[in-house]
Amino acid sequence: MTKILFLHIQLHNSFLKFLYNLNTNTSNNIFVSMKIFLSLLIVLLLQPFIAGAQPKYEFRGVWIASVANIDWPSSEGLSTSQQKQEFINMLDRLQRIGINAVIVQIRPAADALYASSFEPWSEYLTGKQGQAPSPYYDPLQFMINETHKRGMEFHAWINPYRAVQNPNASIAPNHITRQHPEWFLKYGDKKYFNPGLPQVMNYLTDVVKDIITRYDIDAIHMDDYFYPYRIPGKEFPDYQSYILYGDGLSRAAWRRANCDSIVKRIHDLILDYKPLIKFGISPFGVWRNSNIDSLGSNTQAGQTCYDDLYADVLLWLKEGWIDYVVPQLYWEIGHKLCDFETLVDWWGDNSYGKQLYIGQGIYRAIEKPTPAWRNPNEIPDEIRYLRNNKNVQGSAFFSSNFLLYNPNGWADSLRLNFYNTPALIPPMKWIDTIAPIHPHIAGIKADNASQSLRITGDGINNNETETIRNFVLYFSNSLNNITDHPSAILPSGVDLKFDFNIQTSLIPADWNICYVVVTSVDKENNESAPSNIFTLERTSNGWVVKK
């Protein structure tokens, strides 16, 4: 199987190379097109062999950025129906690729893509800060509902300290920079919360509390923007607050302590109010360089988390203040200063038992791409490398629109190859270990005319304590390890009944016997024991239920 899988990968990469060559050299197109066709045909024929090689548990995420309308909404001032349809279309396309979690920016610059009593409606939503959508709806509630309908996780991405992104931005009268101008500092052309002020820490904690207590999100997510990236020749102007609150620390240590404080406060807040919600950070990809600190990575980054953004992510992992980390490893394999593989290994060695997902910079293939990012093997090679590290549980792509542009055919590569079979998001044992009670299959009806199976049943059980998020369908030709590889993941309904219509093409063509079971998965990704087993057998007329 290993040789066949390797052949598939080589052929798939050749297919992408042919597409690239076709765009750059139109000579002998018939010959090239035939090679493309044959490569794709072999890819499709080998799909059953790919399924068994993929991980059962893997975080497959994508960032959806609202700032500057990078991903959603596509522009300011779209109608409510346009905004909704755009998000639905985006989710549908991401789901087809195999994405199982979205990280959506709901608070880009002390403004909100949700109904907030603290902050005004975002201008990226309506075109004017403070103006509600019309006809009215709550975008965050809508996005959560649509995401969960598809069995995917929704991570609410907030930017902690950015307050005014653009000097020409519309600023509403109730924006916090107008209510409390003394809380803010200007650096470059942007305004930031002053992280050293106790009032700021209280305010940010209240904002997070408001989100987690009113919305059914799966995680709070923060990105790399703690203290701002350095501007050459300019110092962040927080000297006066340092004099007031520095408490004998060096200025750098005081700044780190400020970031430590807000992360710990949010961690404690989540434990107090919604302990099943996850808390994750996606930091800049280099914590420290090893020439500065022997604990750092063998890299030569110009700025680092610890020394420039004052984000001591390793402390947060070590203390258990965050549940997952997604370092933004947006450099290619072999980069002379910050090599992708070196950094995957370093973060894997320093994740302190928390979940590690790798941030992959698919946007690099579109924004001024270097030769390395024109190479169709780059993202596939990255995925293969991170999957070989036992301390890595998945990855996330920046960002949604860049992935959906399908640069170098990478979205197709995920759909046809790397994400060809569905994956469960890994559970976190320190949050919850209680699995649901197993579901029950009531019946299976084979319709060989339409080559489909109708599988009905329910997850209703007495004494159930868990909230069921998804049902997982398994096909296997062996009773051993029957739940090793999911065939389909389907969201549960409110009544916990299921009625699946599944194409028999999901069953490998060389099987004559197929065992079918279903499991339940709760909101924390714990999986139940399997249901009762149904057996299908192949006959000259197609699949039938074995009596």
Side-chain angles (χ1 to χ4, degrees), residues 159-162 185 187-188 192-196 200-201 204 221-239 241-242 245-267 279-331 335 337-359 361 391-392 398:
N159 188 283
Y161 295 133
R162 186 169 58 213
L185 298 169
Y187 188 55
Y192 298 90
F193 284 90
N194 184 344
V200 165
M201 295 185 194
L204 292 175
H221 180 97
M222 290 183 176
D223 56 22
D224 52 322
Y225 290 100
F226 284 88
Y227 278 80
Y229 285 87
R230 290 186 185 273
I231 299 173
K234 289 189 176 183
E235 183 65 30
F236 189 68
D238 60 352
Y239 183 71
S241 51
Y242 168 60
Y245 301 109
D247 197 28
L249 296 172
S250 71
R251 199 166 173 186
W254 170 73
R255 287 174 174 173
R256 277 188 288 274
N258 293 332
C259 294
D260 296 343
S261 294
I262 194 62
V263 169
K264 185 178 187 305
R265 287 181 66 153
I266 291 172
H267 165 265
F279 183 23
I281 306 279
S282 55
F284 179 72
V286 176
W287 176 72
R288 296 192 93 184
N289 296 313
S290 58
N291 66 332
I292 299 296
D293 187 330
S294 61
L295 295 177
S297 53
N298 184 21
T299 50
Q300 300 175 53
Q303 299 197 48
T304 66
C305 289
Y306 186 94
D307 297 295
D308 299 280
L309 306 179
Y310 304 99
D312 190 358
V313 187
L314 257 59
L315 175 68
W316 308 341
L317 287 165
K318 185 177 181 180
E319 295 295 329
W321 296 341
I322 58 177
D323 300 301
Y324 71 84
V325 64
V326 197
Q328 298 174 23
L329 305 191
Y330 297 163
W331 304 276
H335 191 281
L337 302 179
C338 301
D339 170 52
F340 178 87
E341 293 181 348
T342 297
L343 284 164
V344 168
D345 292 344
W346 186 88
W347 283 101
D349 291 340
N350 291 279
S351 55
Y352 289 94
K354 298 304 182 183
Q355 290 194 359
L356 169 62
Y357 319 137
I358 300 302
N391 294 320
V392 178
F398 188 85

Novice: With heavy-atom distances below 4.5 Å as the criterion, would you say the side chains of Asn258 and Tyr245 are in contact?
Specialist: no

Novice: How long is the gap from CG on Leu329 to OG1 on Thr342, to the nearest 0.5 Å?
Specialist: 10.5 Å

Novice: Indicate the ring-plane relationship of Tyr225 and Tyr229, choosing parallel, tilted or perpendicular according to the 30° and 60° boundaries.
Specialist: perpendicular

Novice: So, do Trp316 and Ile281 sit near enough that their side-chain heavy atoms are less than 4.5 Å apart?
Specialist: yes

Novice: What's the spacing between Trp347 CH2 and Leu356 CG if we round to 0.5 Å?
Specialist: 8.0 Å

Novice: Heavy atoms, side chains only, cut-off 4.5 Å: are Asn350 and Leu317 in contact?
Specialist: no

Novice: Considering non-hydrogen atoms only, spot the tightest contact between Tyr306 and Arg256 and give its length.
Specialist: O-NH1, 2.9 Å

Novice: Shortest non-hydrogen contact from Gly359 to Val326?
Specialist: N-CG1, 3.7 Å

Novice: For residues Asn289 and Thr299, is any side-chain donor paired with an opposing acceptor at under 3.5 Å?
Specialist: yes

Novice: Just by modelled atom types, is the Tyr227 backbone N or O under 3.5 Å from a matching donor or acceptor in the Tyr187 side chain?
Specialist: no

Novice: Under the 3.5 angstrom rule, does the side chain of Trp346 hit a backbone N or O of Leu295 as a donor-acceptor pair?
Specialist: yes

Novice: Check whether more than 12 heavy atoms from other residues, nucleotides or ligands sit under 6.0 Å from atom CG of Asn291, and answer yes or no.
Specialist: yes

Novice: Does Tyr352 reach the side chain of Glu319, with side-chain heavy atoms less than 4.5 Å apart?
Specialist: no

Novice: Could you tell me whether the side chain of Ile262 reaches within less than 4.5 Å of the side chain of Pro195, counting heavy atoms only?
Specialist: no

Novice: I'd like to know if the side chain of His267 and the backbone of Gly320 have a donor-acceptor N/O pair within less than 3.5 Å.
Specialist: yes

Novice: Sub-3.5 Å donor-acceptor pair from the side chain of Asp223 to the main-chain atoms of Ser282, do we have one?
Specialist: no

Novice: Using 0.5 Å steps for rounding, measure from the CG atom of Asn194 to the OH atom of Tyr192.
Specialist: 13.0 Å

Novice: When you compare the side chain of Val313 with that of Phe284, does any pair of heavy atoms fall below 4.5 Å?
Specialist: no

Novice: Which salt bridge (charged side-chain N to carboxylate O under 4.0 Å, His left out) pairs, counting each pair once, include a residue from residues 292-317, with sequence neighbours left out?
Specialist: Arg230-Asp308, Arg288-Asp293, Arg288-Asp307

Novice: To the nearest 0.5 Å, what is the distance between OG (Ser290) and CD (Gln300)?
Specialist: 8.5 Å

Novice: Excluding sequence neighbours, so at least two apart, what forms salt bridge (charged side-chain N to carboxylate O under 4.0 Å, His left out) with Arg265?
Specialist: none

Novice: Taking atom CZ of Arg162 and atom CZ of Phe193, what is their separation to the nearest 0.5 Å?
Specialist: 11.5 Å

Novice: Given side chain to side chain donor-acceptor pair (under 3.5 Å), test Asp339 with Trp331 step by step and report yes or no.
Specialist: CA-CA 6 Å; Asp339 170 52; Trp331 304 276; over 6 Å; no

Novice: Ignoring hydrogens, what is the shortest heavy-atom contact between Phe226 and Val263? Give both atom names and the distance.
Specialist: CE2-CG2, 4.2 Å

Novice: Looking only at side-chain N and O atoms, does Ser351 offer a donor or acceptor that is under 3.5 Å from a partner on Asn391?
Specialist: no

Novice: Taking all heavy atoms of Val286 and all of Cys338, pick out the closest pair and write down the distance.
Specialist: CG2-SG, 4.1 Å

Novice: Identify the heavy atoms of Gly196 and Trp254 that sit nearest to each other, and give their distance.
Specialist: CA-CZ2, 3.7 Å

Novice: Any idea which heavy atoms bring Pro283 and Asp224 closest together, and the distance?
Specialist: C-CB, 3.8 Å

Novice: Would you indicate whether the side-chain heavy atoms of Pro327 and Leu343 approach each other to under 4.5 Å?
Specialist: no

Novice: Heavy-atom distance under 4.5 Å between the side chains of Arg251 and Tyr239, does that happen here?
Specialist: yes

Novice: Can you tell me how far apart CD1 (Ile266) and CH2 (Trp321) are? Round to the nearest 0.5 Å.
Specialist: 12.5 Å

